[in-house]
Amino acid sequence: MKKLESSLKNMLLVLTGVTAISVALLAYVNELTKEPIAQANAKTLSDAVSAVVPGFDNDPIAEKKIQAVNGVDYAVYPATKGGEFIGAAVEAAAMAFGGELRVLVGFDAEGHIIDYSLLSHVETPGLGSKAADWFKEGNKGSIKGMNPGKSPLSVTKDGGQVDAITASTITTRAFLNAVNAAYAAYVGQNETDAATGATQKVVEPAEGAAVEAADSVSAN
């Protein structure tokens with residue numbers, strides 16, 4: 001019996017030691033990779049802003065503003081050229097079929113969509129994942145040039161003007177919900193700037209807030 005107690009105690013001590021070492025190693029690795037990951041994310045965002053609102057000569061990310069719409073905060077990256085406002089990139093998100101879908105939408109000075117970049121998603125490969133290109137210029141569901149202020153974007157099945165991704169109506173609805181939310185933030189920021197006549201407080205880059213899509217009509 002004494003021998004059994006001793007063995008159990010030793011096992012517990014060994015397990016505790018292994019756990020402590022594992023935790024320390026994970027913390028060390030996390031510390032080592034934190035900065036490279038942050039730099040990679042910053043470059044991805046910078047490239048995305050340049051793609052969706054081309055032609056600016058300022059630093060939209062450094063001049064980032066936060067605009068609240070219905071209690072949700074959105075990141076707005078204003079673009080200027082020669083001091084003149086030419087548009088903005090806006091981060092927005094929505095809950096799609098597989099989970100959160102985050103998109104960066106570029107608008108010109110009149111509110112027309114220039115382009116977009118799908119920042120992240122967890123949609124089904126080959127189906128919902130097509131959102132990365134489906135709505136691009138030249139493709140079937142292209143949203144380029146559309147202005148959500150004239151008519152909120154929606155799928156043709158709902159009486160709208162955008163062709164849904166084949167077999168991925170929920171993903172399409174979520175994507176369009178995010179685009180509409182991005183436009184609302186874009187307009188809200190412009191109205192705020194016009195009302196105050198001043199630039200809003202610059203804040204550190206942050207993840208776009210999620211806007212849940214009411215997608216219960218059909219399934220992917």
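Just so you know, residue 1 is the first one in the sequence shown, and it goes up from there.
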Partners passing side-chain contact (heavy atoms from CB on, under 4.5 Å) against Glu110 (at least two apart in sequence or in another chain): Asp108, His112
Pairwise side-chain contact, Phe85 with Asn190, heavy-atom cut-off 4.5 Å (strictly under): yes
Main-chain N/O of Ala132 paired to Tyr116 side chain as donor or acceptor, under 3.5 Å: yes
Spatial distance of atom OG1 (Thr171) from atom NZ (Lys130) [nearest 0.5 Å]: 11.5 Å
Exam field: side chain Ser142 to backbone Asn139, donor-acceptor pair closer than 3.5 Å: no
Any residue meeting side-chain hydrogen bond (donor to acceptor under 3.5 Å, both in side chains) with Tyr183, in chain and number order, not counting sequence neighbours: Asn147
Test side-chain contact (heavy atoms from CB on, under 4.5 Å) applied to Lys65 and Asp193, step by step: CA-CA 10 Å; Lys65 303 171 184 179; Asp193 286 348; 2.8 Å; yes
Close side-chain approach of Glu91 and Tyr74, heavy atoms under 4.5 Å: no
Straight-line distance of Ile170 CD1 to Met95 CE, nearest 0.5 Å: 11.5 Å
Separation of Ile143 CD1 from Ile114 CD1 (nearest 0.5 Å): 11.5 Å
Contacts of Val18 that satisfy side-chain contact (heavy atoms from CB on, under 4.5 Å) - sequence neighbours left out: Val14, Ser22
Atom pair CD (Gln189) and CD (Glu191), whose distance is rounded to the nearest 0.5 Å: 10.0 Å
Connected hydrophobic set around Leu25, excluding itself, where side chains approach under 4.5 Å: Ile21
By side-chain contact (heavy atoms from CB on, under 4.5 Å) - contacts of Val155 (at least two apart): Lys157, Asp158, Ala164, Thr172, Arg173, Leu176
Salt bridge (Lys or Arg N to Asp or Glu O under 4.0 Å) partners for Asp115, two or more places apart: Lys136
Side-chain touch Val179/Ile113, heavy atoms, less than 4.5 angstrom: yes
Pairs where residues 137-154 contributes a residue and the test salt bridge (charged side-chain N to carboxylate O under 4.0 Å, His left out) is met, not counting sequence neighbours: none
Close side-chain approach of Gln161 to Ser151, heavy-atom, < 4.5 Å: yes
Partners meeting side-chain contact (heavy atoms from CB on, under 4.5 Å) with Val49 (sequence neighbours left out): Leu45, Phe56, Pro60, Ile61, Tyr77, Ala89, Leu104
Leu153 backbone acceptor or donor facing Asn180 side chain under 3.5 Å: yes
Worked check of side-chain contact (heavy atoms from CB on, under 4.5 Å) between Val103 and Leu119: CA-CA 5 Å; Val103 63; Leu119 299 178; 5.9 Å; no
Any donor-acceptor N/O pair, Asp57 side chain to Gly82 backbone, under 3.5 Å: yes
Selection residues 121-153 - residue pairs positive for ring-ring contact (aromatic ring centres under 6.0 Å, His included), sequence neighbours left out: Phe135-Phe175
Side-chain heavy-atom pair Leu127, Ile165 within 4.5 angstrom cut-off: no
Donor + acceptor pair across side chains of Asp73, Gln67 (<3.5 Å): no
Listed partners of Asp47 passing salt bridge (Lys or Arg N to Asp or Glu O under 4.0 Å), at least two apart: Lys43
Interatomic distance, Glu84 atom CD to Asn58 atom CG [nearest 0.5 angstrom]: 12.0 Å
